[in-house]
Every structure is written in C-alpha cells, then in structure tokens.
Amino acid sequence: MRMIRIDLEHPRKPKIPLAACIGYFDGMHRGHQALIHRTEELAQELHCESALITFEPDPWVTIKGMSPADAEHITTMRQRINLAVSYGIENICILEFTKAMADLSPEEFAERVLGQLNLSGLVCGYDFHYGYQGKGDSETLKQYGSFRVEVVEEVADGSDKISSTRISKLLEHGEIEEAERLLGHPFEMEGKVIPGRHKGTSLGFPTANIQISPEYLTPKPGVYSGSVLIDGIRHPAMINLGHNPTMNYTERLSLEAHILDYSGNLYGRMLTLRFSHYLRPEIHFQSKDNLIMQLEQDVRSVRKLEHA
Ligand SMILES: Cc1cc2nc3c(=O)[nH]c(=O)nc-3n(C[C@H](O)[C@H](O)[C@H](O)COP(=O)(O)O)c2cc1C
Ligand SMILES: Nc1ncnc2c1ncn2[C@@H]1O[C@H](COP(=O)(O)OP(=O)(O)OP(=O)(O)O)[C@@H](O)[C@H]1O
C-alpha cells in the first residue's frame, strides 16, 4: 500500500496512473464497498493501480468549523485505511482539506487537486458533491476532469440508502446486529490498552481498559458481547462501555473488556474490540457480590452468543 498526501501548496504528481474512488468513507459500509469494487474493475480495464481518495480532517470540521472532537465517526482514519486495503485498494490519497481547498470552485478542484493525481479514472457515488458550497457533482467532474468518470448507483437496504448517518444512529441505539448488516463487516473499536484501577482483578474479572480515540462516536453505553483477536487467536470477550458505578465511578465513559480464556499482560498494546450483541445496561449494584453474580451470568451469555 502506498500513501499519497496531497495539498495545495506542494503540488506533486505520482508516476503511476490511478483509477480512484472519492469520498469520506466513514464506516466503509456496503455502499462504499460498491465504489471500491467498481474502482478495482476500472483499474484493471485502464491498466492502472487502484486508489481511494479521502479527506483529512473531516470536511465538516473545515467547512462548518466543527471541533474535531465533536465530529464523531464509526471508524477512525486508521481503520478506514486498513479496511480499504483489506478490500484490495493499492493507494490511499489523503487530501489535506484546508479552508482554501474547500473554497475551490468545482473547476479549480478538478484541476488543482484531482489534476495532481495522474488519474485515468474516477468513481463516485450518484449523490457525490464537491467544491465550493458543494456545487460540483459527477457532471462537472466529466466536464472539467481529464479522466473517465464512473457513477455508482444508490446501494439501498429496504427503502433507504445505506449511509454512515443511518449506521451511526443504529450504534447509538445499541442495534449492533443491524449495524453490522449494513456495514458488511463487524463494528469494531480499537485503541491502546491503558492501566485501570485494578478493581476488575479483585472481582475475579480482570479487564483491558482501552483508550478511546476522540474520533469515535459513542455507541449506546452498556454491556456487550464480542471478541478480541490476540496473537492470531480470536477470544470471546465481554465489553463494558460505562461509568463503573458500583466499584469505581468515573465521570468519563470508560471502555473495557474482560477477555475470556486469556491471561497475559496487554498494557501498551493496540487492541481491537469487536462488538456483536448488546446485552444489558450498566447497573448500580448494592453490593460487590451482586455485581459478581451478574458478571458470571454475562460470561454465560457471551459463551452462548460467541459459540465459545
Ligand atoms: C463486562 C463488564 C460488565 C460490567 N458491568 C458493570 C455493571 O453493570 N455495573 C457496574 O457498576 N460496573 C460494571 N462493570 C465494571 C466493573 O465493576 C469494574 O468497575 C471494572 O471492571 C474495574 O475496572 P478497572 O480495570 O479500572 O479496575 C463491568 C465490567 C465489565 C468488564
Ligand atoms: N449507499 C450508497 N450508494 C452508492 N454510493 C454511495 C452510498 N453511500 C455513499 N456513497 C458514495 O460513496 C462515496 C463516499 O461517500 P461519503 O462517505 O463521502 O459520502 P456520503 O454520501 O456522505 O456517505 P454517507 O451517506 O454514507 O454518510 C461518495 O461518492 C458517495 O456518493
């Protein structure tokens, strides 16, 4: 995989011709995957490499002045890149999306930004808009670009388009199975394992505490069944996104996982928590023993759901 960073101040031109798709691609859902698939076909047809063009930061941050911490996503930039590569994309082009770039007219954007990319073909969705006030679309791309433009029709599920917004809402309501169906892959949150307060160990349920990237949206707080991949082995896990009211209340939401059938030191490692089912809300128990009884019940639920 090759990373190509594009900005307005330092124009450059990669030597290899590219067939690319363009967008923000939060979640890399089934609609986005349709674009990737078409891009790979086009790359073969035009004898060039495949690429995905995306923006940093989120266009909402640049255009609407939203703070980066308020722009919440299903996937981090790192996950979007890894997913694109896992679906076969060879080059990732990141546009440094400044106010100056956002203010370019559709014609200027096609020339000064896309013109830097040695494009033979460009794939976009039927509703893709770009350029100052979103005035550009696939027709202006055909008009101003010196490459072939392909438009992918709407990928819908039921009567509605599959969209990042639709999937975000499902996650905020804890509807993990439905989110996974529209994503076309499991919902996962990744982060570094940081020290907790060692209360979990005293309960008989040690946990890996995950540093939550500010890039993420907040899924519905509560307890989930899921799994974690460690050294090539997938372990069932029970995940808590909450405030730990019984043992050690924390103001900020904490994300932690008790990994079944695993003992070892995970501090400092990157872990990817895969969410598969919402189990229950977090409960403020009257005693430590009641919490332990509930956690034992949660282990049984996880074993059943994760077939472990
Ligand atoms: C799967 C799971 C479910 C949990 N459910 C609850 C709960 O319902 N109520 C609660 O007060 N704490 C709950 N906790 C939090 C634990 O009580 C405990 O505070 C935490 O695991 C200790 O974290 P530490 O590693 O920072 O010491 C849960 C933890 C896990 C891993
Ligand atoms: N369901 C879909 N069907 C077809 N094309 C889509 C679909 N969802 C997004 N696209 C296209 O994929 C590209 C990347 O989408 P991007 O995430 O930038 O925009 P979006 O339309 O805001 O996505 P979403 O609606 O999922 O938030 C764009 O060209 C967009 O038009």
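Both counts, for ligands and for their atoms, begin at 1 and track the order of listing. Small disclaimer: the values here were computed from a predicted structure and weren't measured.
Under the 4.0 angstrom criterion for non-hydrogen atoms, His29 is in contact with ligand 2. At least one heavy atom of Glu153 sits closer than 4.0 Å to an atom of ligand 2. The shell of residues lying under 4.0 angstrom from ligand 1, judged by heavy atoms, excludes Thr201. Contact annotation: Glu282 has at least one heavy atom less than 4.0 Å from an atom of ligand 1. Using a 4.0 Å heavy-atom cutoff, His243 is absent from the residues neighbouring ligand 1. The shortest heavy-atom distance from Phe285 to ligand 1 is under 4.0 Å.
Of all the atoms in ligand 1, the ones that sit under 4.0 Å from a non-hydrogen atom of His198 are 24 (P), 27 (O). Close approach to Leu295 involves these atoms of ligand 1, each under 4.0 Å from a residue heavy atom: 2 (C), 3 (C), 4 (C). Taking a cut-off of under 4.0 Å to the non-hydrogen atoms of Pro245, the atoms of ligand 1 that pass are 10 (C), 11 (O). Under a 4.0 Å criterion applied to the non-hydrogen atoms of Gly196, ligand 1 contributes the atoms 26 (O). Shown in contact with Ile283 at under 4.0 Å from a heavy atom are these atoms of ligand 1, numbered in order with element: 7 (C), 8 (O), 9 (N), 10 (C), 11 (O).
To the nearest 0.5 Å, atom CG of residue Leu241 and atom CG of residue Leu253 are 5.0 Å apart. Between the OG atom of Ser301 and the NZ atom of Lys304 there is a distance of 7.0 Å, given to the nearest 0.5 Å. One finds the CD1 atom of Ile194 at 10.0 Å from the CD atom of Glu256 (value rounded to the nearest 0.5 Å). Once rounded to the nearest 0.5 Å, the distance linking SG of Cys124 with NE2 of His129 reads 9.5 Å. Note that CG of Leu291 is 9.0 Å distant from CD of Glu282, once rounded to the nearest 0.5 Å. A distance of 12.0 Å separates CD1 in Ile89 from CG in Leu83, rounded to the nearest 0.5 Å.
At under 3.5 Å, not a single nitrogen or oxygen of Ala257, backbone or side chain, sits near a nitrogen or oxygen of ligand 1. Polar contact check, Ile162 against ligand 2: a nitrogen or oxygen pair lies under 3.5 Å apart. By the 3.5 Å distance cut-off applied to N or O atoms, Asn209 is counted among the residues near ligand 1. In terms of polar-atom proximity, defined here as any N/O pair under 3.5 Å, Arg280 does make such a contact with ligand 1. At least one N or O atom of His32 sits closer than 3.5 Å to an N or O atom of ligand 2. The N/O atoms of Val223, backbone and side chain alike, include none that comes under 3.5 Å of an N/O atom in ligand 1. For Ser164, a nitrogen or oxygen atom sits less than 3.5 Å from a nitrogen or oxygen atom of ligand 2, counting backbone and side chain alike. Below 3.5 Å of separation, one finds no N or O of Ile239 facing any N or O of ligand 1. The distance criterion of under 3.5 Å between nitrogen or oxygen atoms is not met by Asp298 with respect to ligand 1. In terms of polar-atom proximity, Cys124 is not counted as a contact of ligand 2, lacking any N or O under 3.5 Å from an N or O of the ligand. Considering backbone and side-chain atoms alike, Leu35 places every N or O at 3.5 Å or more from each N or O of ligand 2. Ligand 2 has an N or O atom lying under 3.5 Å from an N or O atom of Phe25, backbone or side chain.
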**OP:** Output, in order, the C-alpha distance, side-chain angles, deciding distance and verdict of side chain to side chain contact (heavy atoms under 4.5 Å, CB included) for Phe25 and Gln33.
**Re:** CA-CA 9 Å; Phe25 298 103; Gln33 289 162 38; over 6 Å; no

**OP:** Given side chain to side chain contact (heavy atoms under 4.5 Å, CB included), test Ile22 with Leu122 step by step and report yes or no.
**Re:** CA-CA 7 Å; Ile22 185 164; Leu122 185 67; 4.1 Å; yes

Subject >> Steps toward side chain to side chain contact (heavy atoms under 4.5 Å, CB included) verdict (Asn209, Thr207) >> reply: CA-CA 6 Å; Asn209 294 263; Thr207 57; 3.6 Å; yes

Subject >> Ile92 and Ile94: CA distance, side-chain angles, deciding distance, side chain to side chain contact (heavy atoms under 4.5 Å, CB included) verdict >> reply: CA-CA 6 Å; Ile92 304 287; Ile94 299 178; 4.0 Å; yes

Original post:
Stepwise, does the ring pair (Phe, Tyr, Trp, His ring centres under 6.0 Å) test hold for His173 with Tyr278?
Top reply: CA-CA 10 Å; His173 288 101; Tyr278 181 84; over 10 Å; no

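Among protein heavy atoms, the minimum distance from atom 30 (C) of ligand 2 is reached at Asp127 OD1, 3.7 Å. Remark: minimum distance from atom 22 (O) of ligand 2 to any protein heavy atom is reached at Lys161 NZ, 4.9 Å. For atom 23 (O) of ligand 1, the nearest protein heavy atom (residue, atom name, distance) is Glu256 OE1, 3.1 Å. Here the heavy atom of the protein found nearest to atom 19 (O) of ligand 1 is Asn248 OD1, 2.9 Å. The closest protein non-hydrogen atom to atom 6 (C) of ligand 1 is Leu291 CD1, 3.7 Å. In this structure, the protein non-hydrogen atom closest to atom 16 (C) of ligand 1 is Leu203 CD1, 4.0 Å. Among protein heavy atoms, the minimum distance from atom 15 (C) of ligand 1 is reached at Asn244 OD1, 3.4 Å. Of the protein's non-hydrogen atoms, Ile22 O, 3.7 Å is the one closest to atom 28 (C) of ligand 2. Protein heavy atom at the shortest distance from atom 22 (C) of ligand 1 is Gly200 N, 3.4 Å. Here the protein heavy atom with the shortest distance to atom 26 (O) of ligand 1 is Arg197 N, 2.8 Å. What sits closest to atom 29 (O) of ligand 2 on the protein, heavy atoms only, is Gly125 N, 2.8 Å.
The aromatic rings of His73 and Tyr24 lie tilted to each other, with the angle between the two planes from 30° to 60°. Classification of the Phe97-Phe55 ring pair by plane angle, with boundaries at 30° and 60°, yields perpendicular.
Counting only heavy atoms, the protein gets under 4.0 Å from atom 3 (N) of ligand 2. There is a protein heavy atom less than 4.0 angstrom from atom 17 (O) of ligand 2.
A salt bridge is defined here as a Lys NZ or Arg NE, NH1 or NH2 lying under 4.0 Å from an Asp or Glu carboxylate O, and Arg234 with Asp261 fails to meet this definition. A salt bridge links Arg269 to Asp231: one of the charged nitrogens lies within less than 4.0 Å of a carboxylate oxygen. The existence of a salt bridge linking Glu190 and Arg78 is confirmed by a sub-4.0 Å separation between a basic side-chain nitrogen and an acidic carboxylate oxygen. Between Glu45 and Arg148, at least one side-chain N (NZ, or NE/NH1/NH2) sits under 4.0 Å from a carboxylate O, which counts as a salt bridge.
Nearest residue to atom 29 (C) of ligand 1 from Val302, Ile292, Asn240, Thr207 is Asn240 (criterion: closest heavy atom). By heavy-atom distance, the residue among Met247, Lys199, Met238 lying nearest atom 1 (C) of ligand 1 is Met238.
The cationic atom of Arg274 (NZ for Lys, CZ for Arg) does not lie both less than 6.0 Å from the six-membered ring centre of Tyr224 and within 45° of the ring axis.
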